[in-house]
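Each remark here refers to the structure printed beneath this line.
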Amino acid sequence: MKYVYSFGDGKADGKADMKNLLGGKGANLAEMNLLDIPVPPGFTLTTEVCTEFYKSNKTLPKELDNEVLDCLSSVENIMNAKFGDESNPLLLSVRSGARQSMPGMMETVLNVGLTSKTIPGLINKTNNPRFVYDAYRRLITMYADVVMEKAAGIEPKEGEGIRKKLEHHLSSYKKEYNLKHDTALSEDDWITVIDTFKKEIKNTLGENFPDDANSQLWGGIEAVFKSWNGARAISYRKIENIPEEWGTAVNVQTMVFGNTGEESATGVAFTRNPATGENKFFGEWLTNAQGEDVVAGLRTPHPLNEDTKTKETKNLPSLEESMPSIYNELYDIRIRLEKHYLDMQDIEFTIQDGKLWMLQTRVGKRNGVATIKMAVDMVNENMINKKTALLRVNPDQLEELLHPTLDTENEQNTPILTKGLPAGPGGAKGKAVFTADDAELWHAKGEKVILIREETSPEDVHGMHAAEAILTARGGMTSHAALVARGWGKCCIVGCNELNISVDKKELRVDNTIIKEGDWITMNGALGNVYLGQINLIPADPDTNLEYKQLMTWADETRKLKIRTNAESQDDAKQAIKFGAEGIGLCRTEHMFFDDTRILAMRKMILAENENDRRSAVMELLPFQKEDFKRILKTMEGKPVTIRLLDPPLHEFITLNEKQINELASSLEIDKSTVIQRINSLHELNPMLGHRGCRLGIAYPEITEMQATAILDATAELTKEGVNVLPEIMVPLVGTVTEYTDQESIIRKVAADIENQYGLTLKYLVGTMIELPRACLTADEIAEHAEFFSFGTNDLTQTTYGFSRDDIGSFLPDYLDRNILYEDPFQSLDIHGVGKLVSIAVKLGRKVNPSLKIGICGEHGGDPKSIHFFKNNGLDYVSCSPYRVPIARLSAAQAELNLK
Ligand code: PEP
Ligand code: MG
């Protein structure tokens with residue numbers, strides 16, 4: 001087995017398609033070499049080394065030593081320098097690189113190889129002692145933090161880590177000698193600071209900082225492998241669904257320096273604008289700096305070029321102006337990389353004494369708006385085809401276009417509290433919290449929060465995920481917080497330097513204004529504005545986005561699966577049509593009874609003691625129902641509307657307070673104690689498995705009769721008016737064919753009467769939900785009678801697992817933590833088990849009736865992965881909530897393309 005792959009001087013053992021083995025960074029460094037792009041030479045330790053490392057109790061394979069030595073010696077040959085050498089030392093960087101990029105989630109050690117032996121040599125070579133000591137203190141800080149503390153498993157209290165302690169020494173020194181910036185420290189200053197650093201390390205960690213190049217190299221390598229299982233990497237992997245088995249590669253590469261003087265610089269860039277998708281080169285850079293200075297947000301980065309300048313940065317020097325010939329070289333590389341990779345790239349570069357080096361290229365993270373614009377633009381630029389464009393957009397990213405923005409008028413009348421860099425889209429409001437843990441805690445209690453942090457630490461990922469939006473005092477557009485938030489389509493403002501945050505007091509000051517934990521703030525992520533209090537949010541209107549419309553047209557041309565929506569109200573139905581719904585797949589009639597008059601009639605019906613009373617209560621509901629159905633059928637003119645007969649778990653309607661009981665007693669003209677007695681007599685131990693679904697219509701046929709009458713009367717009247725309506729009447733929670741035929745015969749009889757009465761032949765279907773395992777297993781018997789099936793995967797999941805839909809929250813977190821389940825089966829279909837029942841039911845049903853119409857209306861109808869499954873199993877449509885409709889349209893197109 002080959003463990004180490006080398007690259008340099010236009011040659012490489014690996015290439016771009018070897019990401020699984022070399023990680024994204026390693027594979028692309030190899031590829032850039034093959035493209036003759038200047039890359040500092042180095043080598044990659046494969047992800048298999050990581051796997052071996054964890055298999056053998058965190059020890060590295062023996063064969064690795066020799067392979068590393070071999071590769072190191074070819075790097076030394078190319079660079080004409082030697083690692084650990086007294087007179088001509090080579091310095092190395094050690095970085096992580098997983099298959100899928102995990103920005104900032106793992107560790108890095110730079111400047112490896114600086115020791116008391118090599119320092120004089122490097123001073124001689126560079127003639128720049130100040131630079132050498134600056135590099136040395138950076139190595140010491142990183143090494144102590146990453147290798148000696150984190151990788152050693154030491155977990156200091158917040159604010160007491162070694163890095164913080166060293167930073168504290170540095171700032172005290174600067175204060176004492178009145179030095180404003182790090183750049184003001186002389187060689188002698190650094191020597192003194194370094195001495196203090198070393199003492200602190202020995203004091204805190206009980207060990208000396210190693211003064212040997214090889215120990216530093218191997219310490220760094222092990223620490224990066226260990227960071228694969230660091231807290232923030234684990235939490236990021238969970239959120240992004242990255243498997244633990246993948247492991248990370250480690251890249252060891254020649255150091256190049258952007259901080260040797262004014263002829264040196266470093267920067268990060270995107271080949272197109274990652275926030276808007278515009279085809280404009282976009283980036284940030286700093287002279288005389290190392291890469292971490294740009295992303296850590298300690299200095300405000302400068303704009304790369306004219307296109308990147310904003311109102312705030314328009315007076316800062318761009319690379320385009322300051323170093324035009326290097327900018328042109330970089331611009332040319334930008335074009336070559338995009339042509340080669342056929343996608344937007346996120347690149348890192350360093351200029352050392354006037355020479356440009358590329359340190360990284362990878363497919364750049366971008367928000368949903370930008371993803372769509374780039375995909376459609378690249379088709380128009382003949383770079384990719386429509387199929388690639390459709391597959392490139394993650395359906396969940398569409399959600400962002402459906403995101404709210406701030407009400408403009410309301411916003412204009414609200415004074416701006418402060419401003420930062422607009423790093424994420426849309427608007428958001430929430431209550432201020434100051435730690436990631438608090439964000440998670442408040443979110444779990446159902447609160448909307450905005451996470452406010454000093455800087456952009458990746459340890460905060462769990463809190464960032466829980467928050468509505470993220471606000472930081474430091475950092476730039478390419479800082480970690482910005483990258484991560486943009487990937488999730490979250491509103492985000494960074495570099496808001498007027499914020500004065502006190503985590504201890506849980507408060508924030510901007511001049512004289514104090515914002516305490518729990519106070520509302522509102523953010524405009526597109527402008528970078530922060531406001532005190534709440535501003536109204538306006539729902540998004542994706543129709544104004546031309547690229548979105550284009551992409552969705554391609555999706556609709558591609559997909560065969562139909563998309564319907566779950567809706568009861570006319571407003572929801574209209575919204576869903578706007579989003580592209582082709583019908584209603586589920587109208588839950590019990591949701592039509594939540595207003596005061598109707599719910600009273602509904603309760604009277606449930607509590608009635610005899611058929612007479614019940615019939616009169618039911619008939620009170622008839623006129624309401626008929627109007628409801630007329631409205632919704634008319635709104636959906638020409639499109640099918642599946643209306644489900646009453647299916648209320650009774651406890652949802654008769655869990656009453658004192659006032660409601662009194663109201664009911666007086667309306668029924670009986671006394672209170674009788675009402676309580678009847679409620680008690682209807683009490684069920686397992687209401688989800690109790691008297692609900694078709695069991696209600698079977699016990700009380702007058703309910704089915706009333707609902708069928710309301711639907712078909714509405715249909716007849718509209719048909720008479722010339723409106724084309726297509727109702728589909730659906731019987732819920734059927735387990736045996738006899739339940740179905742019992743209810744069907746009532747509906748057919750009502751239909752025959754109404755057809756007679758109006759002298760019309762009505763267009764309607766009668767079918768059933770398939771939401772119990774027994775219905776799946778006897779689907780052939782049911783299909784002899786039913787004209788359509790609609791899978792109710794909520795109840796089907798509940799009854800297949802035996803997990804209560806309403807109670808899973810009490811144990812699911814344990815199941816997920818301990819990998820007993822990998823995801824919530826109520827969110828994404830359990831293809832293995834519940835899916836098997838779906839497949840069986842489709843096969844049995846279609847064997848009897850090959851043209852049986854089959855859909856799904858459980859929550860899974862809006863989940864991309866589940867949609868692929870439904871498509872592959874031959875369903876005709878999926879039905880989901882209005883806001884998921886665009887996501888379902890795109891997912892259905894992708895399922896079609898994958899099928900081919
Ligand atoms: C289902 O069970 O999947 C379904 C759609 O019905 P409900 O959620 O109303 O029980
Ligand atoms: Mg159900």
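First listed ligand is number 1; within each ligand, the first listed atom is number 1.
A salt bridge is absent between Lys847 and Asp780: the closest approach of a Lys/Arg side-chain nitrogen to an acidic carboxylate oxygen does not fall below 4.0 angstrom. A salt bridge does not link Arg598 with Glu590: every distance from a Lys NZ or Arg NE/NH1/NH2 to an Asp or Glu carboxylate oxygen is 4.0 Å or more. Using a cut-off of 4.0 Å between Lys/Arg side-chain N and Asp/Glu carboxylate O, Asp876 and Lys560 are scored as not salt-bridged. A salt bridge does not link Asp571 to Arg631: none of the charged nitrogens lies less than 4.0 Å from a carboxylate oxygen.
In terms of the salt bridge (Lys or Arg N to Asp or Glu O under 4.0 Å) criterion, residue partners of Asp713 (sequence neighbours excluded) are, by chain and number, Lys626.
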Would you be so kind as to tabulate the donor-acceptor pairs closer than 3.5 Å made by side chains of residues 782-790, with sequence neighbours excluded?
unit_1: Glu787; atom_1: OE1; unit_2: Arg748; atom_2: NH2; d: 3.2
unit_1: Glu787; atom_1: OE1; unit_2: Val766; atom_2: N; d: 2.8

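Within a radius of less than 2.8 Å around the Mg ion (ligand 2), the protein N, O or S atoms are Glu771 OE1, Asp795 OD2.
Near ligand 1, heavy-atom contacts under 4.0 Å come from Leu586, Arg588, Arg644, Arg692, Met769, Glu771, Gly792, Thr793, Asn794, Asp795, Arg805, Cys857, Gly858.
Remark: Arg805 is not positioned above the aromatic ring of Phe826, lacking an NZ or CZ atom under 6.0 angstrom from the ring centre and at most 45 degrees off the axis.
Within 6.0 Å of NZ in Lys562 there are 12 or fewer heavy atoms belonging to other residues, nucleotides or ligands.
Taking the six-membered ring where tryptophan is involved, the planes of Phe803 and Tyr815 are perpendicular, since the angle between them exceeds 60° and thus also 30°.
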